[in-house]
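This report refers to the structure that appears directly beneath it.
Naming convention: chains lettered A, B, ... in sequence-line order (proteins, then strands); numbering from 1 in each chain. Just so it is clear, the structure is predicted and the values come from calculations on it, not from any experiment.
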Amino acid sequence: MSETETPKLDFIRQIIADDLASGKHETTVTRFPPEPNGYLHIGHAKAICLSFGIAEEHAATGARCHLRFDDTNPEKEETEYVESIKEDVHWLGFDWGEHLYFASDYFSFFHDCAVALIEKGLAYVDQQTPEQIRETRGNLNVPGTESPYRDRSVEENLELFARMKAGEFKEGEAVLRAKIDMASPNIVMRDPVIYRVMHAEHHNTGSDWCIYPMYDFAHPLEDAKEHVTHSLCTLEFEIHRPFYDWTIEHCPVPSQPRQIEFSRLNLNYTVMSKRKLLTLVKDGRVSGWDDPRMPTLSGLRRRGYPAAAIRSFCKGLGITKYKGTTDIALLEHEVRGYLNEVAARRMAVLDPLKLVITNFAEDQADEVPIPNHPGKEEMGERQVTLTRELWIERSDFMEDPPKKFFRLGPERHVRLRGGYIVKCTGFEKGADGEVTEVHCEYLPGTIGSNPPEGVKCKAAIHWVSAEHGREAEVRLYDRLFSVEDPDAAEEGFASVLNPDSLSTVTAQVEPSLAEGDPEEIFQFERTGYFVADRHDHQPGERLAFNRTVALRDSWGGKK
RNA sequence: AGUCCUGUAGUGUAAUGGUAGCACAAGAGAUUCUGACUCUCUUAGUCUAGGUUCGAGCCCUGGCAGGACUGCCA
């Protein structure tokens, strides 16, 4: 990109730039308003990167992004989720500074606005049953009909609303409705309910309230109260915007926020519905919200995904109103890119096969220095002990290899990564026909040098000393969902879950790995195996296991 | 009595009304002590029919297709 080239603005950034240029706003204030009813997932990352990203871009004007918990429904929200959300936003690399808010702190303000609406004759207490309200709303083709309680006097409404607040009604007996237009083609505008009775304990306000505002009413007020200028949300709220604007217009608010909608993230092979993810957790299909197979930010973190890669992925998504499905390969590409830079390399053998170097003395033990990263000297090197008996990956040997297979086979040469070039001289088979041991001879003096004249050696395989290596129980994770669109499944998850998404293997690992270090490994296509994060890993501490086999199997062999 | 939103290579996105670019994916090749990375090349696109215009992906009209909306959820 040339220096003179200005970055392309998506339509939201363009609106903000225009508002700044025209003097409508002196700065921009955005917000990320999760409901604390689940963990944040990769879909939220898009919204976080957008709202917080815009605030960062306009930092010079004093722009900011608020983290606000939209906790207006006491029945669905828990404190555990508040903490996880804060942690995940921070991990992603964003900071709300002083601007941490709870919608529940504004309950009095919402109430005052509702009273103001009643006084203007723009809201009324409806005592129809929920069923009656539903039936009289009409449908997509039929206008609604007005409630018999619609034309109560202001005084009566005021008194009734006060009694609602005082707890004189049971749930479902009375609601406060905005008086707009029961014949509106937009059903949201057909006298929407703005307050309902709920005798529930709220995680923040306890039992102070027994009436709670609806999202449609509360959200614009929250934005206005915080002087949010641009309230960015996903497309499903588009049809609610007329009521958002109506609320701002008719309530005593200190600022005029504007709601702008963009398309939410859809990823193939991924479920993003909180309700469905919660089902996975509750049914024990995964170990928790932060199971490495989960699309939650905490799951991706354990899986080893660098936050920078997720941010970069979100940047490339673009902001549009088109509902498409992003290929998860785009995310994985970013992850590979970052991990390839920062991950230290180690050797591990997941499916061990014994390799004996027959011209190596029993007690011979050669210390070979192996770089921790190919091409990054600053990451240092480590000494690995090479002995007569080694473990290699079973798939790195073929009894009858095709010509395009570059690794071990009878009479073939291969390099033991970081060590000698060896020539396969034979192998043994068990009664069941399975290869149990491979024999080879090493070529002295081939460490750190090119293969001698006439020796073809096109691959380097990884290995672990049978004597110095360590056996480790490793949990191997793979993709959770086996189908491209798991949301399309009719019922439950049985048909879309990959039964092999979690397996345990007895692997052989380098002694340089701390005890317990490779306890969780995520199989990552075309990059090798990565250690799943153990919560405390920093971005620079990721480990990658060398892997010789490409999943694509370009040599034409079996899968 | 339906209203509103959206259609650009396989996918995601760019293009003051003026040469349809980029990334990922896919394919071919080079390189390689990770069949990775990197590098080179290739394939492939404006939903449709009209209209306005010297000129339309962009503006207008009509089709077609996909989506949102009928919670006292957010």
Quantified in whole Å, what is the [atom1] atom distance between nucleotide [N] and nucleotide [M]?
N: B:C4; M: B:G12; atom1: P; result: 26 Å
N: B:U3; M: B:U46; atom1: P; result: 31 Å
N: B:A44; M: B:A9; atom1: P; result: 14 Å

Residues [X], [Y]: salt bridge by 4.0 Å N-O rule:
X: A:E226; Y: A:R31; answer: no
X: A:E332; Y: A:R479; answer: yes
X: A:E334; Y: A:R311; answer: no

TODO: Taking only the side-chain nitrogens and oxygens of A:R241, find out if one of them lies under 4.0 Å from OP1 or OP2 of B:U3.
DONE: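 Checking A:R241 against B:U3: no side-chain N or O falls below 4.0 Å of OP1 or OP2.
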Open item on the list: Is the phosphate of B:U11 approached by A:T326 (side-chain N or O, under 4.0 Å from OP1 or OP2)?
Closed with: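 Looking at the OP1 and OP2 atoms of B:U11, neither is under 4.0 Å from any side-chain N or O of A:T326.
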Contact class for [X] vs. all strands (heavy atom < 4.0 Å): base, sugar-phosphate, or nothing?
X: A:G337; value: nothing
X: A:S263; value: nothing
X: A:G324; value: sugar-phosphate

Open item on the list: If you assign A:D181 and A:G419 each to the RNA chain B nucleotide with the nearest heavy atom, which residue ends up on the more 5' nucleotide?
Closed with: A:D181
Task: Nearest-nucleotide comparison on RNA chain B, the residue closer to the 5′ end among A:T446 and A:N141 - done: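 Looking at RNA chain B, the more 5' nearest nucleotide goes with A:N141.
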TODO: List in chain and number order the residues that pass side-chain hydrogen bond (donor to acceptor under 3.5 Å, both in side chains) with A:D10, two or more places apart in sequence or in another chain; answer none if no residue qualifies.
DONE: A:R13
- [ ] Taking side-chain hydrogen bond (donor to acceptor under 3.5 Å, both in side chains) as the test, write out the residues that go with A:K274, two or more places apart.
- [x]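 For A:K274 the side-chain hydrogen bond (donor to acceptor under 3.5 Å, both in side chains) partners, ignoring immediate neighbours, are A:N37.
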TODO: With A:R68 as the cation and A:F32 as the aromatic partner, state whether NZ or CZ is under 6.0 Å from the six-membered ring centre and within 45° of the axis.
DONE: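 No.
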TODO: Measure from CG on A:D327 to P on B:A23 and round the result to the nearest Å.
DONE: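 Taking CG of A:D327 and P of B:A23, I get 16 Å after rounding.
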Open item on the list: Can you build the contact string for nucleotides 40-47 of chain B? Use B for base contact, S for sugar-phosphate-only contact, and - for no protein heavy atom under 4.0 Å.
Closed with: --------
TODO: Assign a letter to each nucleotide of nucleotides 65-74 of chain B from its 5' end: B, base within under 4.0 Å of a protein heavy atom; S, sugar-phosphate only; -, no contact.
DONE: --SBBBSBBB
Open item on the list: What verdict does the ring-ring contact (aromatic ring centres under 6.0 Å, His included) test give for A:F481 and A:Y269, after you've listed the backbone C-alpha separation in whole Å, the side-chain angles of each residue and the deciding distance to 0.1 Å?
Closed with: CA-CA 6 Å; A:F481 299 102; A:Y269 296 104; 9.2 Å; no
Task: Aromatic centroids of A:Y215 and A:F237 separated by under 6.0 Å - done: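 Yes; A:Y215 has its ring centre under 6.0 Å from that of A:F237.
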- [ ] Please check if the side chain of A:D223 supplies one atom and the backbone of A:P257 the other of a donor-acceptor pair under 3.5 Å.
- [x] no
Task: Watson-Crick or G-U stems of RNA chain B, 3 or more pairs, under 3.5 Å, by first number - done: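 RNA chain B stems, ordered by first number: B:2-7 with B:64-69, B:10-13 with B:21-24, B:26-30 with B:38-42, B:47-51 with B:59-63.
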Side-chain donor-acceptor contacts of residues 190-202 of chain A below 3.5 Å, not counting sequence neighbours, with atom names and distances?
unit_1	atom_1	unit_2	atom_2	d
A:R190	NE	A:R137	O	3.0
A:R190	NH1	A:S184	O	2.6
A:R190	NH2	A:R137	O	3.0
A:R190	NH2	A:N139	O	2.8
A:R190	NH2	A:V142	O	2.9
A:D191	OD1	A:R150	NH2	3.2
A:D191	OD1	A:I180	N	2.7
A:D191	OD1	A:D181	N	3.4
A:D191	OD2	A:Y124	OH	2.7
A:D191	OD2	A:R150	NE	2.7
A:D191	OD2	A:R150	NH2	3.4
A:Y195	OH	A:H111	N	3.1
A:R196	NH1	A:Y212	O	3.4
A:R196	NH1	A:P213	O	2.6
A:H199	NE2	A:F169	O	2.8
A:H202	ND1	A:N204	N	2.9
A:H202	ND1	A:T205	N	3.2
A:H202	NE2	A:D71	O	2.7

Open item on the list: Tell me whether the ring of A:F406 lies stacked over the B:G35 base, given a 5.5 Å limit on centroids and a 30° limit on the plane angle.
Closed with: yes
